[in-house]
Amino acid sequence: MPSNDPLRIAGLDVKPGERGFAMLPVTRTLRGDLAVPVHVINGTRPGKVFAILCNVHGDEAMPLLAALQLFRETDPAVMRGALVILPVCNPLAFSDFRRESAEQRENTDLHRCFPGNARGSVTEMIARTLTDQVLDHVDALCDMHSGGQGGRIHQRADLNEDATGEVRDASLSLCRAFGTGAVHVNFLPPSTAVGYLNSTGRPAAGVEVGGTYMGGPMTDVFQARVVRGLRNQMKALGILEGEPELDGPQFLFTRKERKEANPTRGGYVVSLANRVEDLGRRVTKGERLGVVVDPYTLQETESLNAPCDGILFFSRMSGPAEAGAKGYAIADAAGLREI
């Protein structure tokens, strides 16, 4: 039986079949009033409330494009439940195009500040507002990330390694449904949005797809993958009809099977694995993934080779990279498990 009751969230009362928008006030800063945007689409039939977070890290902007497309194309008439989209969770970091907030104290990474503190850092105030007004009112969540200004490109879903029982099973279902091909059992404590939801008995997934400085065709491909993945998650939750559309098998691996090839010297990385089709493909041990060139001597100083056989789940575009920066990550084939 359809319900005529409005959805109450983020200070809004959104009736079935309608959309809502709010700016959640956080505090007054030296720049002016700080607020976080929230968009809501309420279906015509009751069901689960699903939240999508974007720009928890301010330089990881690509998922915003997918959220925009999903918002425009989603028809509340075919939905059971509601979709809640937060396109810019950290306006401070986003406006500076930085990973974290620029402020005069600790705890500036919103990704590690949940559930927040109303009298803490400004970033903790943002987390507290998001928790009180949104996270505490949803049934499931996807925390969207991508490569940022460092030039990385990603394709994986993250499952909280501390999740157990039914919460773990439901969270794994969300990770699998997205369809990245690789599900990383990762460190997501309750100070992350995913870990917080899991700690309160609700499913959540973290997803890392695409990057920031990519060409138009590459951005289009990754944007399409994110939109399809989010729709898949909505199907898995029963918000949309149908089964998730998956191109191939999904593999699970833990932090033990995560192997990296990172530059130990600063320089210009000439990436040999910077195409769309490189993400999610199989690599072999010793395969050359990139080369570090000294920008002053113009000599090749380091070869970045795959440390094992496995699936490449993050790579990087060509460009300057400091010593110790992230280069390439492979899920070791020896520990992969099909799910």
Side-chain angles (χ1 to χ4, degrees), residues 7 9 39-54 63 66-67 69-71 73-86 134-135 137-146 154-186 188 192-210 222-253 280 313 337-339:
L7 172 67
I9 191 169
H39 296 265
V40 180
I41 305 176
N42 193 12
T44 54
R45 293 167 292 173
K48 294 180 178 178
V49 179
F50 178 49
I52 300 168
L53 309 188
C54 301
Q69 181 180 342
L70 184 68
F71 178 77
E73 295 178 352
T74 298
D75 181 0
V78 300
M79 290 172 53
R80 291 181 179 272
L83 178 64
V84 181
I85 298 175
L86 289 81
V134 178
L135 300 194
H137 304 275
V138 303
D139 299 301
L141 174 148
C142 182
D143 184 11
M144 285 297 316
H145 294 258
S146 70
H154 294 258
Q155 185 163 294
R156 76 170 193 266
D158 280 350
L159 174 68
N160 176 15
E161 65 185 11
D162 292 329
T164 59
E166 293 181 358
V167 171
R168 184 186 189 279
D169 291 343
S171 297
L172 179 57
S173 175
L174 284 179
C175 290
R176 185 184 184 281
F178 198 96
T180 60
V183 177
H184 186 4
V185 184
N186 209 350
L188 295 171
T192 66
V194 170
Y196 174 74
L197 238 68
N198 286 170
S199 72
T200 55
R202 294 167 291 164
V207 175
E208 300 251 10
V209 175
F222 280 120
Q223 180 179 336
R225 289 181 183 179
V226 174
V227 171
R228 186 182 70 171
L230 293 171
R231 287 195 184 119
N232 279 348
Q233 291 181 322
M234 293 171 71
K235 291 175 181 178
L237 291 167
I239 296 173
L240 295 178
E241 299 288 343
E243 295 295 321
E245 301 172 11
L246 301 175
D247 289 333
Q250 307 293 308
F251 294 96
L252 186 76
F253 66 99
F313 67 87
R337 180 167 66 87
E338 187 170 351
I339 54 174

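Values below: every heavy atom of this structure, side chains too, minus hydrogens, waters and symmetry copies.
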Point to revise | Residue E73 excluded, over 12 heavy atoms near CD under 6.0 Å | key: yes

Practice item. Tell me, yes or no, whether the heavy-atom count around E243 atom CD, taken from other residues, nucleotides or ligands under 6.0 Å, exceeds 12. Key: no

Looking at [X] and [Y], what are the two nearest heavy atoms and their distance?
| X | Y | answer |
| --- | --- | --- |
| A66 | V227 | O-CG2, 3.6 Å |
| L252 | R168 | CD2-NH2, 4.1 Å |
| L135 | A193 | CD1-CB, 4.4 Å |
| S146 | P63 | OG-CD, 3.6 Å |
| V138 | A51 | CG1-CB, 3.9 Å |

Report yes if the side chains of [X] and [Y] come closer than 4.5 Å at any heavy-atom pair, otherwise no.
| X | Y | answer |
| --- | --- | --- |
| H184 | F253 | yes |
| L83 | F50 | yes |
| F178 | Q250 | no |
| L240 | M79 | yes |
| V226 | Q69 | no |
| L174 | L237 | yes |
| I52 | M144 | yes |
| R202 | Y196 | yes |

Which value, rounded to the nearest 0.5 Å, describes the distance between [X] atom [atom1] and [Y] atom [atom2]?
| X | Y | atom1 | atom2 | value |
| --- | --- | --- | --- | --- |
| R156 | E208 | CZ | CD | 4.5 Å |
| L197 | L53 | CG | CG | 9.0 Å |
| H145 | C54 | NE2 | SG | 9.5 Å |

Practice item. Could you check V84 against H137 for side chain to side chain contact (heavy atoms under 4.5 Å, CB included), going step by step and ending with a plain yes or no? Key: CA-CA 10 Å; V84 181; H137 304 275; over 6 Å; no

**Study point:** R225 side chain to V209 backbone, donor-acceptor under 3.5 Å
**Key:** no

Check your understanding: Between the side chain of N232 and the main-chain N/O of A177, is any donor-acceptor distance below 3.5 Å?
Key -> yes

Practice item. Using only heavy-atom distances, determine whether the side chains of S171 and N198 contain a donor-acceptor pair under 3.5 Å. Key: yes

Check your understanding: Are F313 and H154 close enough that their ring centres sit under 6.0 Å apart?
Key -> no

Point to revise | Worked verdict on D143 versus L188 for side chain to side chain contact (heavy atoms under 4.5 Å, CB included) | key: CA-CA 11 Å; D143 184 11; L188 295 171; over 6 Å; no

Point to revise | Verdict with supporting geometry, K235 and E245, side chain to side chain contact (heavy atoms under 4.5 Å, CB included) | key: CA-CA 9 Å; K235 291 175 181 178; E245 301 172 11; 3.3 Å; yes

Point to revise | V194/D158 under side chain to side chain contact (heavy atoms under 4.5 Å, CB included): CA gap, chis, key distance, verdict | key: CA-CA 9 Å; V194 170; D158 280 350; over 6 Å; no

